[in-house]
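Quick notes on the structure that follows.
Not measured: the values here are computed from a predicted model.
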Amino acid sequence: MSFQEAGWALFEDLALLPWVEAVHPVACEIAADEAQQRAWLRHGGTWFAGVNALPNDARGAVSGGLALTGVAVEFASALHGAEPVWDTGQISVVYPGYPQKDASESDAAHRFRRNRDAAHVDGLLPVGPARRRKMQEPHSFVLGIPLTACSAGASPMVVWEGSHEIMRDAFRVALAEVPLEAWGEFDLTDVYQAARRRCFEECRRMPVIAQPGQAYVVHRLALHGVAPWDDGAEAPEEGRMIVYFRPPFPGLNWLDAP
């Protein structure tokens with residue numbers, strides 16, 4: 001199944017290994033820092049969210065080191081015909097027992113995280129006291145780069161294959177009469193939730209199993225999440241560690257582009 005059909009693709013990417021080897025100790029130091037842990041530990045200490053915690057530059061390089069390179073980077077960069085300006089990477093670390101329940105988390109939210117992998121579309125943000133969903137941070141794609149070797153049950157990302165086209169069709173209908181410049185303020189909550197239910201019913205839930213020396217690209221509209229940690233899953237002491245990049249979409253029409 002192609003990227004455009006499935007909404008994601010996995011690449012053998014040995015050219016990324018020098019970058020991984022350089023970034024791994026930096027990511028470990030950040031994830032072990034007490035101030036960073038206070039900011040980013042979630043779900044009973046089983047997930048270090050680490051949003052924009054990697055101090056990389058616009059080339060993806062850390063501390064003046066190696067820029068991002070390799071077949072996955074080249075593939076993602078070609079999707080929209082523009083060289084991406086790399087955002088500061090997310091250092092996502094999952095530990096055994098994920099997800100535990102936070103005190104501030106509702107029972108329904110915790111069940112959704114355990115049973116539906118906290119499935120979501122990136123950039124569709126909960127806005128205001130009512131937390132209505134609006135596409136205020138459209139991304140070009142999601143690039144995942146594993147930093148640690150883990151077994152398949154160590155909370156992999158999961159993607160609902162083909163969900164990006166269900167989401168695209170639903171958003172296209174909802175936004176048909178909305179001026180392009182106003183898309184970011186349009187309430188997509190109900191449309192999104194209905195489309196998400198359809199994805200659960202019609203799309204195959206696919207775990208994305210990847211190791212250092214591989215990387216994966218996920219379509220910006222694909223429904224995805226993180227699986228619970230399986231009993232007996234294996235990971236190094238520093239946990240299941242992946243760096244995610246989500247460069248901003250170049251332009252306004254994030255809906256109709258490839």
Side-chain angles (χ1 to χ4, degrees), residues 3 6-31 36 39-40 47-94 120-125 135-148 150 155-159 164 208-226 239-251 254 257-258:
F3 173 82
W8 75 283
L10 176 66
F11 298 87
E12 299 294 329
D13 218 350
L14 296 179
L16 263 176
L17 277 177
W19 187 92
V20 168
E21 292 168 357
V23 168
H24 176 257
V26 177
C28 288
E29 182 176 353
I30 292 169
Q36 295 278 4
W40 295 119
W47 179 40
F48 179 86
V51 178
N52 299 128
L54 189 68
N56 58 277
D57 62 21
R59 302 178 303 123
V62 176
S63 301
L66 298 169
L68 282 170
T69 188
V71 292
V73 171
E74 292 170 2
F75 173 86
S77 300
L79 284 173
H80 306 298
E83 191 72 21
V85 176
W86 297 106
D87 56 316
T88 46
Q90 176 187 8
I91 304 170
S92 176
V93 190
V94 182
H120 62 280
V121 172
D122 278 352
L124 199 60
L125 304 183
M135 184 59 81
Q136 296 198 336
E137 291 184 359
H139 308 304
S140 294
F141 49 81
V142 180
L143 172 66
I145 305 175
L147 299 187
T148 54
C150 306
S155 289
M157 176 186 276
V158 292
V159 179
H164 60 302
V208 179
I209 311 301
Q211 308 293 346
Q214 297 176 307
Y216 50 91
V217 179
V218 179
H219 194 281
R220 67 191 179 282
L221 296 177
L223 187 68
H224 63 281
V226 176
R240 191 279 280 149
M241 183 177 290
I242 299 175
V243 173
Y244 290 112
F245 290 99
R246 300 173 180 85
F249 186 83
W254 47 264

Test item: Trp19 and Val243 side chains (from C-beta on) under 4.5 Å apart, heavy atoms: yes

Nearest heavy atoms of Gly144 and Pro146, plus distance in Å: O-CD, 3.8 Å

Heavy-atom closest pair, residues Leu10 and Ile209: CD2-O, 3.8 Å

Gln36 CD to Glu29 CD distance, which is reported to the nearest 0.5 Å: 10.0 Å

From CH2 (Trp86) to CG (Asn56), nearest 0.5 Å: 9.5 Å

Qualifying ring pair (Phe, Tyr, Trp, His ring centres under 6.0 Å) pairs, either residue in residues 54-85, two or more places apart: Phe3-Phe75, Phe11-Phe75, His80-Phe249

Closest non-hydrogen atom pair between Gly70 and Ala15, with its separation: CA-CB, 4.0 Å

Minimum heavy-atom distance between Ala58 and Val85, given as atom pair plus value: CB-CG1, 3.9 Å

Under 3.5 Å donor-acceptor, Gln211 side chain and Cys150 backbone: yes

Pair Phe245-Val73, side chain to side chain contact (heavy atoms under 4.5 Å, CB included): steps then yes or no: CA-CA 10 Å; Phe245 290 99; Val73 171; over 6 Å; no

pair Met241-Phe48: side-chain heavy atoms closer than 4.5 Å: no

Ring pair (Phe, Tyr, Trp, His ring centres under 6.0 Å) partners of Trp8, counting only residues at least two apart: none

Under 3.5 Å: donor-acceptor pair, side chain of Ser140, backbone of Pro248: yes

Nearest-0.5 Å distance that lies between atom CD1 in Ile145 and atom CG in Leu54: 9.5 Å

Atom pair CZ (Arg240) and CE (Met157), whose distance is rounded to the nearest 0.5 Å: 8.5 Å

Any Val121 side-chain heavy atom under 4.5 Å of Met135 side chain: yes

Nearest-0.5 Å distance that lies between atom NE2 in His24 and atom CD1 in Ile91: 11.0 Å

Exam field: side chain Arg246 to backbone His139, donor-acceptor pair closer than 3.5 Å: no

Flag, side chain of Asp122 to backbone of Arg220, donor-acceptor distance under 3.5 Å: no

Check: Leu68 and Leu16 side chains under 4.5 Å, non-hydrogen atoms: yes

Where Thr148 and Gly239 come nearest, the two heavy atoms and their spacing: OG1-O, 3.0 Å

Heavy-atom side-chain contact between Ile30 and Pro55 under 4.5 Å: yes

Glu21 CD to Leu66 CG distance, which is reported to the nearest 0.5 Å: 9.5 Å

Non-neighbouring partners of His120 that pass ring pair (Phe, Tyr, Trp, His ring centres under 6.0 Å), sequence neighbours left out: His224

Nearest non-hydrogen partners of Val159 and Ala222, listed with the distance: CG1-CB, 4.2 Å

Sidechain-backbone polar pair: Gln90 side chain, Ala49 backbone, donor-acceptor under 3.5 Å: yes

Pairwise side-chain contact, Gln214 with Asp13, heavy-atom cut-off 4.5 Å (strictly under): no

